[in-house]
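Here's the structure, in structure tokens; my notes come after.
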Amino acid sequence: MSKIYQMGIEATLDVIGGKWKPIILCNLGHGPLRSGELKRKLPNVTQKMLTQQLRELEKDQIIAREVYNQVPPKVVYALTEEGKTLRDILVSMSIWGEKRIKQAQTDGEDVTLLRDYGFIEM
């Protein structure tokens with residue numbers, strides 16, 4: 001089946017679109033994480049949704065999954081070289097969002113930013 005995109009951004013969103021994928025990628029931008037560590041960094045995501053998003057990112061070769069043969073099983077996720085190329089996009093998205101939050105706070109809205117980093121340290 002052939003894919004047809006009207007604009008290049010559609011291809012980007014096809015891979016990293018949605019609520020959780022950019023957040024997963026920003027967290028992995030600091031280095032590899034075990035699945036439990038990733039889940040703790042995303043407390044509002046269900047295990048089912050996290051697993052689904054990780055599988056899709058792995059299928060698209062944005063992240064790599066390494067399983068260690070031990071008990072209990074250890075699974076580590078890391079960005080691939082292709083995944084690392086998304087850095088500038090994700091940093092721009094983070095900076096834009098942080099500015100928007102600051103403006104909302106200035107306007108008197110009750111908005112809190114818990115962590116003001118994401119991928120920038122990579």
Side-chain angles (χ1 to χ4, degrees):
M1 184 169 134
S2 168
K3 286 188 179 183
I4 299 172
Y5 297 109
Q6 298 296 319
M7 301 172 74
I9 195 166
E10 290 178 78
T12 305
L13 291 173
D14 199 24
V15 175
I16 66 165
K19 179 177 181 177
W20 299 110
K21 287 180 183 177
I23 300 169
I24 291 167
L25 295 172
C26 284
N27 278 286
L28 291 175
H30 296 282
L33 292 171
R34 293 179 69 165
S35 52
E37 294 171 314
L38 198 48
K39 175 70 174 99
R40 281 190 293 280
K41 290 180 180 286
L42 303 159
N44 295 327
V45 69
T46 65
Q47 186 61 51
K48 179 181 176 182
M49 179 58 71
L50 179 60
T51 300
Q52 177 187 333
Q53 300 296 285
L54 290 168
R55 285 181 182 158
E56 290 175 11
L57 288 166
E58 184 181 12
K59 180 181 134 304
D60 289 327
Q61 301 177 346
I62 302 301
I63 65 170
R65 177 179 181 259
E66 187 170 354
V67 181
Y68 294 86
N69 190 16
Q70 65 183 52
V71 177
K74 177 181 173 182
V75 179
V76 176
Y77 294 92
L79 293 172
T80 61
E81 290 305 311
E82 181 73 8
K84 290 176 183 177
T85 66
L86 292 165
R87 180 186 185 280
D88 292 343
I89 294 168
L90 295 168
V91 167
S92 292
M93 289 172 68
S94 292
I95 291 169
W96 187 87
E98 289 166 16
K99 286 179 183 175
R100 187 164 172 87
I101 289 168
K102 286 178 184 161
Q103 184 59 53
Q105 291 169 334
T106 300
D107 293 345
E109 292 182 42
D110 186 15
V111 181
T112 303
L113 177 62
L114 297 177
R115 295 184 290 164
D116 62 350
Y117 67 88
F119 220 115
I120 292 175
E121 296 170 3
M122 206 186 113

>> Evaluate Lys48 against Thr51 for side-chain contact (heavy atoms from CB on, under 4.5 Å), listing each step before the verdict.
In response: CA-CA 5 Å; Lys48 179 181 176 182; Thr51 300; 5.9 Å; no
Quiz: residues 1-16 side-chain donor-acceptor pairs under 3.5 angstrom, not counting sequence neighbours:
unit_1	atom_1	unit_2	atom_2	d
Lys3	NZ	Asp14	OD2	2.9
Tyr5	OH	Asp14	OD2	2.7
Glu10	OE2	Gln6	N	2.5
Glu10	OE2	Met7	N	2.7

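- One N or O on the side chain of Lys39 and one on the backbone of Val45 form a donor-acceptor pair closer than 3.5 Å.
- Distance check, rounded to the nearest 0.5 Å: CG of Leu38 to CZ of Arg40 gives 10.0 Å.
- Contacts of Glu109 classified as side-chain hydrogen bond (donor to acceptor under 3.5 Å, both in side chains), with partners at least two apart in sequence or in another chain: none.
- No continuous path of ILVMFWY side-chain contacts below 4.5 Å connects Ile63 to Tyr68, so the two sit in separate hydrophobic clusters.
- Thr80 places a side-chain N or O within 3.5 Å of a backbone atom of Gln61 that can act as its donor or acceptor partner.
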>> For Lys74 and Val76: C-alpha separation, side-chain torsions, deciding distance, then whether side-chain contact (heavy atoms from CB on, under 4.5 Å) applies.
In response: CA-CA 7 Å; Lys74 177 181 173 182; Val76 176; 3.8 Å; yes
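- The main-chain N or O of Arg34 is found under 3.5 Å from a side-chain atom of Glu37 such that the two form a donor-acceptor pair.
- Counting only heavy atoms from C-beta outward, the side chains of Trp20 and Asn44 approach each other to under 4.5 Å.
- Summarising the geometry of Lys19 relative to Pro22, their closest heavy-atom pair is O-CD, 4.1 Å, with the distance given to 0.1 Å.
- Side-chain contact between Ser35 and Tyr77 is present, with heavy atoms from C-beta onward closer than 4.5 Å.
- The minimum heavy-atom distance linking Glu82 with Ile62 is given by the pair CG-CD1, 3.9 Å.
- A 4.5 Å side-chain heavy-atom check between Leu57 and Lys21 finds at least one atom pair inside the cut-off.
- Interatomic distance, Gln105 CD to Leu113 CG, rounded to the nearest 0.5 Å: 7.5 Å.
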>> For a side-chain contact (heavy atoms from CB on, under 4.5 Å) check, start with the C-alpha distance between Leu54 and Arg65, then their side-chain angles and the critical distance, and finish with the verdict.
In response: CA-CA 9 Å; Leu54 290 168; Arg65 177 179 181 259; over 6 Å; no
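- Other residues, nucleotides and ligands contribute more than 12 heavy atoms inside 6.0 Å of the CD atom of Gln52.
- Partners of Lys59 under the salt bridge (Lys or Arg N to Asp or Glu O under 4.0 Å) rule, at least two apart in sequence or in another chain, do not exist in this structure.
- Cluster annotation: Ile23 is connected to Met93 through the hydrophobic network of ILVMFWY side chains, with a link wherever side-chain heavy atoms come within less than 4.5 Å.
- Ile24 is not listed as a side-chain neighbour of Asn27, based on a closest heavy-atom distance of 4.5 Å or more.
- Taking each heavy atom of Gly29 and Leu79 in turn, the nearest pair found is CA-CD1, 3.7 Å.
- A distance of 9.5 Å separates CG of Leu90 from OG1 of Thr85, quoted to the nearest 0.5 Å.
- Salt-bridge check for Glu81 with Lys84: passed, with a basic side-chain N closer than 4.0 Å to an acidic carboxylate O.
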